[in-house]
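Right, one structure below, let's go through it.
In what follows, every heavy atom counts, from backbone to side chain, and hydrogens, waters and symmetry copies are set aside.
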Amino acid sequence: MRKTKGGATEVNDTMNEITAFSPFGGRLVLEEVKGAQERANVPENSIETKAGDDRSMYVYVPASGCPDAKQTQVVMFLRDGADEASAQAAMQEYGLDALAEKEHFVLAFPNPRQSGWSERDAEDMDYLSRCFMALPQGKGKVGGFIGMIFYIGGSPSAGALLLAMSARRPLNVAGVLLSELPADYSIPQDGVNAPQVAYLCGGAARAADYFGKVNGVTGADARPLEHAVLYTSPVNPNVRHIVSELPFSAQEAVRAWDMLFCKARRWSNDTYGTYQKRTDFTARGFVAHVNDPGLGVNEGFAHTWYEYVPPRLRGSKEKAPLVFYFHGIGCVPLYGAEQSGWHDIADRENFIVVYPKPARNKAWNIWDEPGMPSDQAFVLALLEHMKRTYAIDESRVYISGFSMGGMMTNALACAYPELFAAAAPCNGFNSGYLVPASEMWTMLRKMPTGRGLPDGPSEPVTRTRVRADAKKAAFAYRMPLIQSSGLLDGTWPAAQDDPFKRLASFDYWKTYNNIPLTPYEPAAACESGLTADETFYDCADGRFLHHRWFSRDEGKPALFEVVLAKRMPHALDLRQLELAWQFMKRFSRGKDGSLHIDP
């Protein structure tokens with residue numbers, strides 16, 4: 001059960017915390033869409049387009065509120081009218097306002113120009129992207145996630161535009177519902193043939209062959225439904241389309257939402273993205289601790305975290321490993337859960353996962369700066385809570401994180417090596433140790449998600465660095481670490497003066513693990529410019545450039561690895577976490593801090 005802003009109780013089948021309430025919730029509002037806006041530079045939620053005309057749209061933000069923007073879905077309905085009455089009529093005829101209130105999504109009605117929608121006009125496609133950018137800056141002040149924009153074509157011309165957009169710009173179209181197509185319409189032949197989630201009603205069914213082609217389905221992949229057929233890609237089960245014989249109606253809108261739109265997310269982690277299944281956290285058995293002061297740390301600060309225990313381990317006294325996953329800056333824990341899929345690996349491998357939230361501003365205090373609550377103290381207290389609550393194998397506690405969560409992973413690995421058996425940071429390097437806090441703070445404050453951060457650090461040498469140096473001086477620790485990133489995330493080969501200190505971070509962990517330093521060779525045969533003891537391309541499609549280095553310790557164990565994904569910007573591929581688990585699970589930590597390696 002969940003309390004709404006007004007105090008009423010409603011049933012919600014997800015754990016996504018409802019945090020965004022618009023002053024205009026529950027009614028249509030006319031929003032400006034500035035033609036000059038060409039880019040929304042938000043980590044993991046960026047979008048680019050071209051400048052065009054100033055236009056407008058009507059927006060309905062549910063009175064029941066929305067989750068964090070990166071967990072909020074957006075439905076855009078394209079109709080032929082451009083006034084409020086036509087938007088109101090479409091919303092009520094198809095029950096979209098009621099559905100938005102129940103499912104907590106933002107509903108937008110882009111306004112066509114006087115000439116109407118045109119699939120031949122690139123400006124219309126650019127404008128739809130600018131509509132998404134305009135949401136968080138508008139009167140409603142509620143944004144969404146680029147990989148969860150679902151479009152409904154309420155007229156033949158709108159359907160033609162959306163089909164062309166899904167064919168040519170698939171990263172900006174998570175899903176489409178097409179009701180009709182023009183009688184003389186030709187399916188686009190200049191598309192990129194990327195997979196596409198789609199619902200085809202009545203007159204749009206003649207596009208079925210096109211979606212069958214891009215989704216790689218045949219008759220053998222079909223499942224009959226009442227008055228419809230569901231097709232599922234044999235390559236990715238999260239890529240599905242439905243062909244319905246019924247005309248578009250409120251009932252069809254609900255079926256499209258329930259069967260397709262609420263289940264799909266398109267991550268911008270490849271040239272045309274990758275569909276993943278959304279997580280029903282309540283059904284999966286997640287345990288939520290929202291603003292919980294019970295850890296007794298940071299002077300009673302109310303921390304938030306989510307726990308996941310696989311069904312087989314619930315109520316069991318069997319000792320299980322524990323994985324922490326730290327999300328990126330500007331994100332929330334359940335977003336990190338869907339992004340990483342650690343709980344899916346946990347079901348198969350029988351370990352427990354915890355997804356924490358930073359104390360302030362959705363940004364991890366990686367330096368342990370005393371001007372903010374200590375996220376490191378929070379993690380240590382959370383570890384003790386998990387050990388009291390569940391049967392945790394204390395020798396097999398692992399840490400992983402993305403972006404600034406990857407920096408947090410690096411920081412904890414060097415500051416508390418006695419507690420963690422191995423680490424898997426993704427797209428975030430050891431900046432908590434190597435980059436002065438004042439420099440990193442300046443970079444973070446320039447980011448959209450860095451607005452509102454408190455004043456900069458007060459100590460020239462970070463507490464993380466002081467603690468890490470002291471631990472290393474006291475004991476010859478080893479820290480197995482597998483670092484992931486994308487080859488489009490920054491410049492590769494990496495420059496020596498990289499502000500995030502990627503090369504310096506690599507050399508830090510090599511030295512830490514008694515691995516000889518190798519020269520950096522920007523003209524090396526592989527894309528990274530790195531030389532390693534072993535270099536190979538991983539997974540069936542060869543997407544991952546995998547570097548491996550061996551320690552000079554007895555047995556020459558592989559203690560440091562780097563995995564770089566082709567075609568990937570600042571994002572994450574689930575297979576990187578699979579590779580990370582295969583690496584980490586071989587290591588355990590003795591009570592004296594010594595490292596043990598499974599044969």
Side-chain angles (χ1 to χ4, degrees), residues 321 323 349 351 393-400 406 409-410 412-426 429-430 433-434 468-469 471-485 492-494 501-522 524-539 542 544-565 575-599:
V323 172
E349 298 285 332
F351 59 80
D393 182 349
E394 297 180 37
S395 72
R396 300 185 67 202
V397 179
Y398 307 101
I399 46 178
S400 180
T409 303
N410 272 283
L412 289 168
C414 65
Y416 293 98
E418 73 277 17
L419 297 179
F420 306 111
C426 306
F429 303 89
N430 201 12
Y433 180 93
L434 295 162
D469 286 347
K471 295 282 178 69
K472 188 62 178 170
F475 188 85
Y477 287 105
R478 299 288 182 258
M479 175 53 68
L481 188 138
I482 181 168
Q483 173 78 55
S484 297
S485 188
W492 291 92
K501 306 295 184 186
R502 286 176 288 181
L503 297 177
S505 180
F506 297 166
D507 285 350
Y508 176 89
W509 289 115
K510 289 180 189 176
T511 302
Y512 201 100
N513 288 314
N514 194 25
I515 295 170
L517 299 184
T518 51
Y520 170 63
E521 298 180 6
C526 61
E527 300 96 315
S528 67
L530 303 175
T531 57
D533 297 326
E534 288 184 358
T535 294
F536 52 95
Y537 289 92
D538 220 332
C539 292
F544 303 100
L545 174 60
H546 200 145
H547 294 296
R548 179 175 291 151
W549 290 267
F550 297 99
S551 173
R552 287 175 290 201
D553 291 352
E554 183 179 354
K556 296 185 176 180
L559 297 183
F560 180 59
E561 300 188 7
V562 172
V563 177
L564 303 171
R575 292 175 293 175
Q576 290 173 295
L577 283 309
E578 293 282 357
L579 293 171
W581 177 247
Q582 295 307 313
F583 171 85
M584 291 197 299
K585 72 178 184 178
R586 299 183 294 116
F587 302 103
S588 59
R589 184 73 67 184
K591 290 185 177 180
D592 63 351
S594 59
L595 186 68
H596 301 279
I597 307 172
D598 290 343

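In this view, S395 and D393, S588 satisfy the side-chain contact (heavy atoms from CB on, under 4.5 Å) rule, not counting sequence neighbours. Legend: residues meeting salt bridge (Lys or Arg N to Asp or Glu O under 4.0 Å) with K472, ordered by chain and number and at least two apart, are absent. F583 meets the ring-ring contact (aromatic ring centres under 6.0 Å, His included) test with F587; sequence neighbours excluded. Among residues two or more places apart in sequence or in another chain, the salt bridge (Lys or Arg N to Asp or Glu O under 4.0 Å) test is passed with K585 by E349. Taking N514 as the reference, R478, S551, R552, D553 meet the side-chain contact (heavy atoms from CB on, under 4.5 Å) condition, with sequence neighbours excluded. Looking at residues two or more places apart in sequence or on another chain, you find no ring-ring contact (aromatic ring centres under 6.0 Å, His included) involving Y537. Partners of K556 according to the side chain to side chain donor-acceptor pair (under 3.5 Å) rule, which considers only residues two or more places apart in sequence or in another chain, do not exist here. Residues forming a ring-ring contact (aromatic ring centres under 6.0 Å, His included) with Y477 (at least two apart in sequence, or on another chain): F475. Applying the ring-ring contact (aromatic ring centres under 6.0 Å, His included) criterion to Y433, with sequence neighbours excluded, gives Y508. The side-chain contact (heavy atoms from CB on, under 4.5 Å) check on S528 picks up W492, C526, L530, L545, H547, L564, with sequence neighbours excluded. Residues passing the salt bridge (Lys or Arg N to Asp or Glu O under 4.0 Å) test with E527, sequence neighbours excluded: none. For S484, the side-chain contact (heavy atoms from CB on, under 4.5 Å) partners at least two apart in sequence or on another chain are C426, V563, Q576.
Side chains of P321 and Y398 form a contact here, defined as non-hydrogen atoms less than 4.5 Å apart. Within the 4.5 Å cutoff, the side chain of F351 has heavy atoms near those of the W581 side chain. For the pair F506 and F560, the minimum side-chain heavy-atom distance is below 4.5 Å.
Residues P493 and P522 come closest through the heavy atom pair CG-O, 3.4 Å.
Here the options are V562, N410, L559, I482, the test is side-chain contact (heavy atoms from CB on, under 4.5 Å), and the partner is W509; only N410 passes.
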- After noting the C-alpha distance and the side-chain angles of L419 and R589, does the key distance pass the side-chain contact (heavy atoms from CB on, under 4.5 Å) rule? CA-CA 7 Å; L419 297 179; R589 184 73 67 184; over 6 Å; no

- Message: Show, in sequence, the C-alpha distance, side-chain angles and deciding distance for E418 and K471, and conclude whether the salt bridge (Lys or Arg N to Asp or Glu O under 4.0 Å) test is met.
- Response: CA-CA 9 Å; E418 73 277 17; K471 295 282 178 69; 3.1 Å; yes

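A donor-acceptor pair is defined here as one N or O able to donate and one able to accept, closer than 3.5 Å; no such pair exists between the side chain of D507 and the backbone of L517.
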